[in-house]
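Take a look at the structure set out below.
Because the structure is predicted, anything quoted here is derived from the model rather than measured. Letters A, B, ... are given to chains in the order of the sequence lines, protein chains preceding strands, and every chain is numbered from 1.
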2 protein chains.
Amino acid sequence: MISNKCKYAIKALVYIAGKEEEDRAILTADIAREQQIPRKFLEIILRELRNNRILESKRGKDGGFRLLRTAEDISLTEVMRIIDGPIAMLPCVSLNYYRKCDECEEESCEIKGVFEQVRDRTLDVLNGQTIKSLTLS
Amino acid sequence: MISNKCKYAIKALVYIAGKEEEDRAILTADIAREQQIPRKFLEIILRELRNNRILESKRGKDGGFRLLRTAEDISLTEVMRIIDGPIAMLPCVSLNYYRKCDECEEESCEIKGVFEQVRDRTLDVLNGQTIKSLTLS
DNA sequence: ATAAATACTATCAAATAGATAGGATTAATA
DNA sequence: TATTAATCCTATCTATTTGATAGTATTTAT
């Protein structure tokens with residue numbers, strides 16, 4: 001399962017992307033209200049996305065958040081990895097967060113192969129998606 | 001990610017399946033030693049699998065665990081769902097643990113479709129697998 | 001009886017999830 | 001320059017989950 005935090009992050013980005021034509025910074029409060037996301041929790045999420053160069057922020061009056069890149073240049077997997085970490089179901093098959101299992105040797109692991117397949121089929125779907133493609137659909 | 005607990009459960013079942021020909025109950029202690037799983041934690045896992053009619057147990061001397069069904073009749077997804085719950089990445093696309101999201105209407109949800117696809121591709125891989133198929137590979 | 005096994009109950013520590021509160025800082029503008 | 005409106009930051013909190021350990025009760029073969 002992805003976390004609520006991750007779901008909120010994706011929804012917030014899609015919301016911001018949908019307002020791009022308005023050419024102004026989007027308020028945390030507006031996103032929180034429209035997407036039913038707890039405001040203070042959303043603040044943390046948006047700041048994290050900014051720290052990871054997905055968003056840019058402007059402080060003070062007329063402040064808010066905007067996409068730092070175009071919506072089609074922000075992939076769904078990038079957002080998921082920033083917020084939740086690995087996408088794979090086992091650390092030892094993760095492409096971006098690989099960790100060896102403590103208890104087993106990978107050559108003889110009975111389940112590694114299956115979860116590599118799951119990872120690949122999952123990424124087949126997710127890699128094609130961007131904030132732009134989610135906004136359109 | 002699946003939990004360690006789930007990984008242990010799968011490995012324990014594969015181990016037990018591999019000893020089927022010996023026609024005797026398998027000891028928790030043997031599985032723990034061979035698969036490097038904490039013994040007391042494994043006890044809990046095996047009991048949970050027994051409570052869910054995957055294993056049968058025998059107490060006392062010469063006791064231990066055996067598969068309650070044949071290895072090819074125990075699917076990987078069944079074990080994963082018993083130990084970890086939903087396989088899907090969103091509650092609202094789970095086949096076995098469906099829950100509506102609090103904050104959004106499903107008709108207008110931008111991300112539901114993608115995660116339905118992920119679920120389907122994941123199950124394409126996992127549904128084909130059983131304790132038997134994992135034992136052979 | 002004894003030994004060897006699971007069953008059960010209770011507990012625990014650390015991490016993660018999911019927030020909330022309150023004040024500091026920045027920036028536009030009147 | 002005071003005001004207002006926004007993000008930024010730090011601290012904190014609760015509940016749940018994860019991953020486990022300890023100790024005792026019960027069962028069973030011999």
Side-chain angles (χ1 to χ4, degrees), chain A residues 1-12 16 24-33 35-52 54-66 68 80 82-86 89-91 97 99 101-103, chain B residues 1-12 16 19 24-33 35-52 54-68 80 82-86 89-91 97 99 101-103:
Chain A
M1 296 271 242
I2 66 172
S3 63
N4 272 343
K5 189 179 178 186
C6 189
K7 188 170 62 173
Y8 294 158
I10 299 165
K11 282 175 172 284
I16 294 169
R24 58 176 181 86
I26 307 301
L27 302 185
T28 305
D30 288 348
I31 305 170
R33 185 181 359 90
Q35 299 289 324
Q36 307 258 74
I37 301 170
R39 187 185 189 290
K40 279 297 207 177
F41 193 26
L42 181 58
E43 269 190 26
I44 294 170
I45 296 166
L46 295 177
R47 210 166 339 120
E48 196 165 339
L49 291 171
R50 186 212 52 174
N51 291 340
N52 284 278
I54 303 291
L55 292 174
E56 60 182 351
S57 64
K58 191 184 161 202
R59 299 173 74 164
K61 197 166 183 181
D62 298 339
F65 292 88
R66 308 184 65 160
L68 186 56
M80 290 174 65
I82 288 169
I83 303 294
D84 275 356
M89 283 186 160
L90 285 178
Y97 294 85
R99 271 189 306 108
C101 290
D102 294 331
E103 76 284 357
Chain B
M1 296 271 242
I2 66 172
S3 63
N4 272 344
K5 188 178 178 187
C6 188
K7 188 171 62 172
Y8 294 159
I10 299 166
K11 281 177 172 281
I16 294 170
K19 302 280 184 182
R24 59 177 180 85
I26 307 301
L27 302 184
T28 305
D30 288 349
I31 305 170
R33 184 180 359 91
Q35 300 289 324
Q36 307 259 75
I37 301 170
R39 187 187 189 289
K40 279 299 210 178
F41 193 27
L42 180 58
E43 269 190 26
I44 294 170
I45 295 167
L46 295 177
R47 211 171 331 123
E48 196 165 339
L49 292 172
R50 186 211 52 170
N51 292 340
N52 283 276
I54 303 290
L55 292 173
E56 61 182 352
S57 65
K58 191 184 161 199
R59 300 172 73 163
K61 201 169 183 182
D62 298 340
F65 292 88
R66 308 185 64 162
L67 300 184
L68 186 55
M80 291 174 64
I82 288 169
I83 303 294
D84 275 356
M89 284 188 158
L90 286 178
Y97 293 85
R99 271 190 305 108
C101 290
D102 294 330
E103 75 286 355

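Within the 4.0 angstrom heavy-atom criterion, only backbone atoms of the sugar-phosphate kind lie near A:Leu27; the bases stay farther away.
Put simply, NZ on A:Lys5 is 20 Å from P on D:dA15, counting in whole angstrom units. Between the CD atom of B:Glu56 and the P atom of C:dA7 there is a distance of 11 Å, rounded to whole Å. What separates CZ of B:Phe41 from P of D:dT17 is a distance of 14 Å, to the nearest Å. Rounded to whole Å, the distance from CG on B:Asp62 to C1' on C:dT2 is 14 Å. Going from atom CE of A:Met1 over to atom P of C:dT16 covers 18 Å, rounded to whole Å. For the pair A:Leu46 CG and C:dG18 P, the computed distance is 16 Å after rounding to whole Å. Atom C1' of nucleotide C:dT6 and atom CZ of B:Arg24 are separated by 16 Å, given to the nearest angstrom. Rounded to an integer number of Å, the gap from CD of A:Gln36 to P of C:dA19 is 12 Å.
At least one side-chain heavy atom of B:Leu49 sits under 4.5 Å from a side-chain heavy atom of B:Ile83. Considering only heavy atoms from C-beta on, A:Cys101 comes within 4.5 Å of B:Lys7 through its side chain. Taking 4.5 Å as the limit, every side-chain heavy atom of B:Arg66 sits out of range of all side-chain heavy atoms of B:Leu68.
Proximity of B:Ser57 to the phosphate of C:dA7: a side-chain N or O atom is located under 4.0 Å from OP1 or OP2. The side chain of B:Tyr8 contributes an N or O atom lying less than 4.0 Å from OP1 or OP2 of D:dA20. Remark: B:Asn4 is not in phosphate contact with D:dT18, judged by side-chain N or O atoms under 4.0 Å from OP1 or OP2. Distances shorter than 4.0 Å separate none of the side-chain N or O atoms of A:Thr28 from OP1 or OP2 on D:dA6. Taking 4.0 angstrom as the limit, B:Arg59 places none of its side-chain polar atoms (N or O) nearer than this to OP1 or OP2 of C:dC8. An OP1 or OP2 oxygen of C:dT6 is reached within less than 4.0 angstrom by no side-chain nitrogen or oxygen of B:Arg66.
The side chain of A:Lys40 sits closest to C:dG22 out of D:dA20, C:dG22, C:dT6. You'll find that the side chain of A:Glu43 is closest to D:dC9, out of D:dT21, C:dC8, D:dC9. Among D:dT4, D:dA29, D:dT7, the nucleotide with an atom closest to any side-chain atom of A:Lys61 is D:dT4. When each of C:dC8, C:dG18, C:dA28 is scored by its nearest atom to the side-chain atoms of A:Lys58, the top-ranked nucleotide is C:dA28.
Here CG of A:Asn52 is found 4.0 Å from CD1 of A:Ile82. Values are rounded to the nearest 0.5 Å.
Positionally, the nearest nucleotide of DNA chain C for B:Gly60 lies more toward the 5' end than for the other of B:Gly60 and B:Arg47. Mapping A:Phe65 and A:Ile44 onto DNA chain D by nearest heavy atom places A:Phe65 closer to the 5' end of the strand.
Taking every heavy atom of both residues into account, A:Phe65 and A:Ser57 meet most closely at CE2-CB, 3.5 Å. Contact between B:Ile45 and B:Ala9 at its shortest, heavy atoms only, is CG2-CB, 3.7 Å.
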